[in-house]
Amino acid sequence: MSTQSITTGATGTRRRSGRPVALMLPALVLTVVLMVVPIGTTIVRVITDGGEGLVRLFAAPNIWPVMWNTLVWTLVSVVGAVIIGYLGALVLQSKHLRLVGLWRGLVMIPWIIPGVVAATVWRWTLSTDYGILNQTLLDIGLIDSPIRWLSNPDIVLIAVALIQIWVTAPFVMLMVSAALTGIPEERYEAARLDGAGNATILWHIILPAIRTTTGICVLTLAIWALNSFTIIYVTTSGGPAGASTILPILLYQAFQNGDQTLVYAVAFVQLVIGAVFAVLFARTMRTDIEEQS
């Protein structure tokens with residue numbers, strides 16, 4: 001082989017190895033602009049302020065109710081979506097269900113439609129004066145007077161969390177349905193031959209087999225809930241009396257008031273919480289990749 005051929009081959013190899021980097025460069029630049037720059041700006045601003053914003057934030061009388069609301073909102077949203085998503089996925093996997101494709105398409109509608117549209121529809125549905133839900137409950141005799149779903153401080157957070165569940169449960173259905181198709185049919189047949197019932201199969205076969213998928217769903221839903229803004233703002237704007245105010249709503253309120261120091265402080269707290277879930281998500285994904293390989 002001539003020296004020229006070797007040189008040409010080496011040059012071609014370098015070109016081929018450099019091509020993926022060139023193709024990824026626009027995405028990397030976009031990531032830097034949309035993620036790294038805002039995150040870096042937030043951290044730098046909090047540091048240059050000497051922590052003044054964080055001191056003011058945690059000294060505010062409403063911060064702990066807001067943190068509690070955020071915790072309750074996240075837990076209810078995640079647990080509810082996982083439970084309903086699991087049940088929906090198991091129903092869709094049933095051999096007795098007809099028109100599976102049609103039902104799968106219908107249940108995905110809440111996840112597909114824009115958040116503003118979903119929140120507006122539910123605000124009308126839960127209205128005390130003209131809401132369909134109250135009217136239906138009155139007609140069948142379950143309640144004697146309309147329930148103030150969005151104006152009662154005791155139940156408003158649960159009410160808006162139910163909207164979040166309605167929106168995100170289809171995502172869990174999709175993920176769990178995909179994971180269920182990967183379980184070999186022989187496992188079910190062997191378990192039934194051993195006398196296992198549906199509950200035993202669910203606990204000892206299905207749940208362990210899709211454990212990683214469950215972890216991914218939980219972490220994804222938690223990140224979505226912690227960064228959710230549209231549903232609460234459109235339906236209640238954080239009211240009544242702050243009963244449905246969570247961290248993203250508090251950040252927007254500080255932005256409306258022109259309090260930049262407090263804006264960056266709330267953003268920093270959200271960044272720290274989100275980073276914890278992001279690390280957990282990355283570890284779960286790595287475990288899933290290792291198990292598949």
Side-chain angles (χ1 to χ4, degrees), residues 30-78 80-81 114-120 122-123 150-151 153 156-168 218-281:
L30 186 63
T31 301
V32 170
V33 172
L34 296 180
M35 294 183 62
V36 177
V37 172
I39 290 174
T41 302
T42 300
I43 296 174
V44 170
R45 182 60 181 268
V46 170
I47 293 175
T48 54
D49 286 341
E52 176 189 349
L54 293 174
V55 172
R56 288 178 52 206
L57 176 64
F58 287 102
N62 65 330
I63 181 58
W64 297 116
V66 169
M67 296 293 284
W68 173 254
N69 289 344
T70 305
L71 177 62
V72 172
W73 158 265
T74 303
L75 288 177
V76 174
S77 300
V78 172
V116 174
V117 175
T120 302
W122 274 102
R123 186 179 64 184
L150 301 178
S151 58
V156 63
L157 193 59
I158 302 300
V160 291
L162 292 177
I163 303 175
Q164 177 78 355
I165 292 171
W166 181 78
V167 171
T168 56
V218 168
L219 293 172
T220 303
L221 292 173
I223 293 172
W224 286 350
L226 288 170
N227 292 280
S228 181
F229 171 82
T230 304
I231 289 176
I232 293 181
Y233 186 76
V234 172
T235 53
T236 67
S237 297
S244 60
T245 300
I246 61 175
L247 283 173
I249 300 295
L250 183 65
L251 186 150
Y252 183 70
Q253 292 172 348
F255 176 79
Q256 283 185 312
N257 295 330
D259 194 340
Q260 294 296 319
T261 301
L262 193 59
V263 167
Y264 282 108
V266 178
F268 181 77
V269 172
Q270 279 194 265
L271 177 62
V272 172
I273 298 174
V276 173
F277 281 97
V279 170
L280 294 175
F281 182 84

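Note: hydrogens, waters and symmetry copies are ignored here, and every other heavy atom, side chains too, is used. Note that this is a predicted model, so its numbers are computed, not measured. Each residue takes its place number in the sequence, starting with 1.
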Subject >> Closest heavy-atom pair and its distance - V76, I165 >> reply: O-CD1, 3.5 Å
**OP:** Provide the full list of side chain to side chain donor-acceptor pair (under 3.5 Å) pairs with a residue in residues 36-51, sequence neighbours left out, each pair given once.
**Re:** R45-D49
Original post:
In Å, rounded to the nearest 0.5 Å, how long is the span from CG of L226 to OG1 of T70?
Top reply: 7.5 Å
Original post:
Taking side chain as C-beta onward, heavy atoms only, is L54 less than 4.5 Å from V269?
Top reply: yes
**OP:** Could you please spell out the steps behind the side chain to side chain contact (heavy atoms under 4.5 Å, CB included) verdict for V66 and I249?
**Re:** CA-CA 9 Å; V66 169; I249 300 295; over 6 Å; no
Subject >> From I246 atom CD1 to S77 atom OG, the distance as rounded to the nearest 0.5 Å >> reply: 8.0 Å
Original post:
Can you name the salt bridge (charged side-chain N to carboxylate O under 4.0 Å, His left out) partners of R123, sequence neighbours left out?
Top reply: none
Subject >> Pairs where residues 222-234 contributes a residue and the test side chain to side chain donor-acceptor pair (under 3.5 Å) is met, not counting sequence neighbours >> reply: none
Subject >> Gap separating the CG atom of L162 from the CH2 atom of W122, nearest 0.5 angstrom >> reply: 7.5 Å
Original post:
Which word best sums up how the rings of W64 and F58 line up, parallel for under 30°, tilted for 30 to 60°, or perpendicular for over 60°?
Top reply: tilted
Original post:
L271: what forms a side chain to side chain contact (heavy atoms under 4.5 Å, CB included) with it, not counting sequence neighbours?
Top reply: I39, I43
Original post:
What pairs with V218 under side chain to side chain contact (heavy atoms under 4.5 Å, CB included), at least two apart in sequence or on another chain?
Top reply: V78, V82, T214
**OP:** Walk me through it: do L150 and V160 pass the test side chain to side chain contact (heavy atoms under 4.5 Å, CB included)?
**Re:** CA-CA 8 Å; L150 301 178; V160 291; 4.2 Å; yes
Original post:
Is the backbone N or O of G242 less than 3.5 Å from a side-chain atom of N69, with the two atoms forming a donor-acceptor pair by type?
Top reply: yes
**OP:** Can you tell me which residue pairs pass the salt bridge (charged side-chain N to carboxylate O under 4.0 Å, His left out) test with a partner in residues 218-238, sequence neighbours excluded?
**Re:** none
Original post:
Closest approach of Q270 and P248, non-hydrogen atoms and distance?
Top reply: NE2-CG, 3.5 Å
Subject >> Within residues 243-269 or reaching into it, pairs that qualify as salt bridge (charged side-chain N to carboxylate O under 4.0 Å, His left out) - sequence neighbours excluded >> reply: R56-D259
Subject >> With W73 via ring-ring contact (aromatic ring centres under 6.0 Å, His included) - residues at least two apart >> reply: none
Subject >> From L57 atom CG to E52 atom CD, the distance as rounded to the nearest 0.5 Å >> reply: 12.0 Å
Original post:
When rounded to the nearest 0.5 angstrom, what distance separates CD1 in I163 from CD1 in I232?
Top reply: 9.0 Å
**OP:** May I have all residue pairs that pass side chain to side chain donor-acceptor pair (under 3.5 Å) and include part of residues 234-248, sequence neighbours excluded?
**Re:** T236-S244
Original post:
Under the side chain to side chain contact (heavy atoms under 4.5 Å, CB included) test, which residues partner P38, sequence neighbours left out?
Top reply: none
Subject >> With P65 via side chain to side chain contact (heavy atoms under 4.5 Å, CB included) - residues at least two apart >> reply: none
**OP:** Sort and list the pairs that fulfil salt bridge (charged side-chain N to carboxylate O under 4.0 Å, His left out) and have at least one residue in residues 218-228, not counting sequence neighbours.
**Re:** none
Original post:
What's the spacing between I273 CD1 and L247 CG if we round to 0.5 Å?
Top reply: 5.5 Å
Original post:
Around atom CZ of F255, are there more than 12 heavy atoms of other residues, nucleotides or ligands at under 6.0 Å?
Top reply: no
